[in-house]
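Take a look at the structure below.
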Amino acid sequence: MGNGIAHTFAQHGFGVSLVDINTEALNKAIQTITNNLDRQLKKGLIDDQVKATTLSRIKTFTDLQQGAAHADLVIEAATENREIKLKLFKQLSDIGSDQVILASNTSSISITQIAAVTKNPGNVIGMHFMNPVPVMKLVEVIRGYATTDAVTNTIMELAKTLDKDPVEVNDYPGFVANRILMPMINEAIYTLYEGVAGVAEIDTVMKLGMAHPMGPLQLADFIGLDVCVAILKVLYDGFGNQKYAPCPLLVNMVTAGHSGVKTGSGFYKYTPGSKELIVADKFVSR
Ligand SMILES: NC(=O)c1ccc[n+]([C@@H]2O[C@H](COP(=O)([O-])OP(=O)(O)OC[C@H]3O[C@@H](n4cnc5c(N)ncnc54)[C@H](O)[C@@H]3O)[C@@H](O)[C@H]2O)c1
């Protein structure tokens with residue numbers, strides 16, 4: 001997600017410092033941005049000049065202090081882990097001026113809780129981009145309990161300058177996107193678990209019947225089944241309602257290391273370079 005956010009800002013004229021603790025991740029990010037710019041070039045969406053200037057606006061850093069020292073806005077897109085994010089925001093709060101806006105791309109962690117570890121909670125906001133960032137129009141802008149009107153307005157206007165369509169929502173578990181999406185994915189997995197239908201059948205019903213571009217099981221593989229479990233747990237803990245408990249089949253798949261595209265298998269099997277959708281072979285029904 002970090003490379004997509006950096007790509008989008010740089011393409012729209014902003015200087016970007018891309019920070020990661022892992023040098024390999026930074027090299028991979030620049031490679032991914034280059035590949036994605038090449039794709040835009042091939043489609044005639046940009047020219048060589050835009051590709052070159054976009055890349056020239058992105059600098060990489062492994063040191064947070066160096067990368068964030070002169071920023072007007074920091075967008076955190078680190079691993080979806082509460083401890084990592086709280087530690088990062090505590091550090092960010094000590095870097096730069098009191099005016100810096102600190103945003104998180106978190107899919108589910110409370111913005112209010114993140115803001116509470118900083119010196120200026122009013123300047124903390126959620127800026128939830130969708131994957132792939134350069135393509136998807138939505139930015140879910142999440143107001144924490146303390147987020148000021150001024151900061152919210154700045155981020156809403158900024159998202160528009162990136163050619164995105166921002167939507168303002170309040171900070172409750174799952175915000176809007178994942179509060180609605182994750183129960184649907186979980187229900188699709190329950191439908192499989194209870195033997196109502198197979199993987200391809202469930203996805204076909206939702207694609208052809210509801211005009212979804214991708215079935216919920218394939219979408220879960222793309223998001224990452226481990227991420228789905230983590231978000232469902234946030235909903236379950238936040239609302240205390242059994243309806244959000246992750247399906248046992250989903251939990252088993254993650255425990256067995258079948259977390260979707262990133263692990264090579266989930267509800268489907270993934271071979272690098274192949275676009276064919278092959279259903280993975282083993283699903284244990286109730
Ligand atoms: N993947 C998606 O489809 C998606 C969609 C919307 C939002 N998000 C959110 O975006 C964030 C990132 O997701 P992702 O899928 O890109 O994760 P990822 O695990 O692929 O990448 C996270 C990166 O953060 C780096 N990192 C970890 N700790 C760090 C630290 N302390 N300082 C700097 N870098 C650190 C890691 O090295 C890694 O390169 C998460 O909060 C996730 O919930 C993801």
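Just follow the structure's listing: the first ligand is 1, and inside any ligand the first atom is 1.
- Under a 4.0 Å criterion applied to the non-hydrogen atoms of A25, ligand 1 contributes the atoms 39 (O).
- Distance check for atom 20 (O) of ligand 1: every protein heavy atom is found at 4.0 Å or beyond.
- Salt bridge annotation for K262-D221: absent, with no cationic side-chain nitrogen under 4.0 angstrom from a carboxylate oxygen.
- Residue K85 approaches ligand 1 through these ligand atoms, each under 4.0 Å from one of its heavy atoms: 40 (C), 41 (O).
- Of the candidates A77, S107, A29, A78, A78 brings a heavy atom nearest to atom 40 (C) of ligand 1.
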>> Does Y236 form a ring-ring contact (aromatic ring centres under 6.0 Å, His included) with Y244? I'd like the steps, not just the answer.
In response: CA-CA 5 Å; Y236 180 65; Y244 298 110; 8.2 Å; no

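- Residue contacts with ligand 1: E80 is placed with a nitrogen or oxygen under 3.5 Å of a nitrogen or oxygen of the ligand (distance criterion only).
- For ligand 1, the atoms sitting less than 4.0 Å from at least one non-hydrogen atom of H128 are 6 (C), 7 (C), numbered in the order shown with element in parentheses.
- Across every non-hydrogen atom of P173 and V234, the tightest pair is CB-O, 4.1 Å.
- Put simply, no part of F222 is less than 4.0 Å from ligand 1, judged by heavy atoms.
- Checking I21, D20, V19 against atom 39 (O) of ligand 1, the nearest heavy atom belongs to D20.
- A salt bridge links D281 and K269; the closest N-O separation between the charged side-chain nitrogens and carboxylate oxygens is under 4.0 Å.
- Listed by number with element, the atoms of ligand 1 under 4.0 angstrom from any heavy atom of T106 are 41 (O).
- Closest to atom 1 (N) of ligand 1 among all protein heavy atoms lies M1 CG, 3.8 Å.
- When side chains are defined from C-beta on, M156 counts as touching E168, because their heavy atoms get closer than 4.5 Å.
- Here M130 has no heavy atoms under 4.0 Å from ligand 1, in either its backbone or its side chain.
- Per-atom contact check: atom 43 (O) of ligand 1 touches the protein, criterion being a heavy-atom distance below 4.0 Å.
- Proximity of I223 to ligand 1 is not established, as no heavy-atom distance is less than 4.0 Å.
- Between the side chain of E80 and the main chain of T106, no donor-acceptor pair closer than 3.5 Å is present.
- Not a single protein heavy atom sits closer than 4.0 Å to atom 17 (O) of ligand 1.
- Of all the heavy atoms of N131, the ones lying under 4.0 Å from any atom of ligand 1 belong exclusively to the side chain.
- The residues D38 and K51 are annotated as salt-bridged, a charged nitrogen and a carboxylate oxygen being separated by less than 4.0 angstrom.
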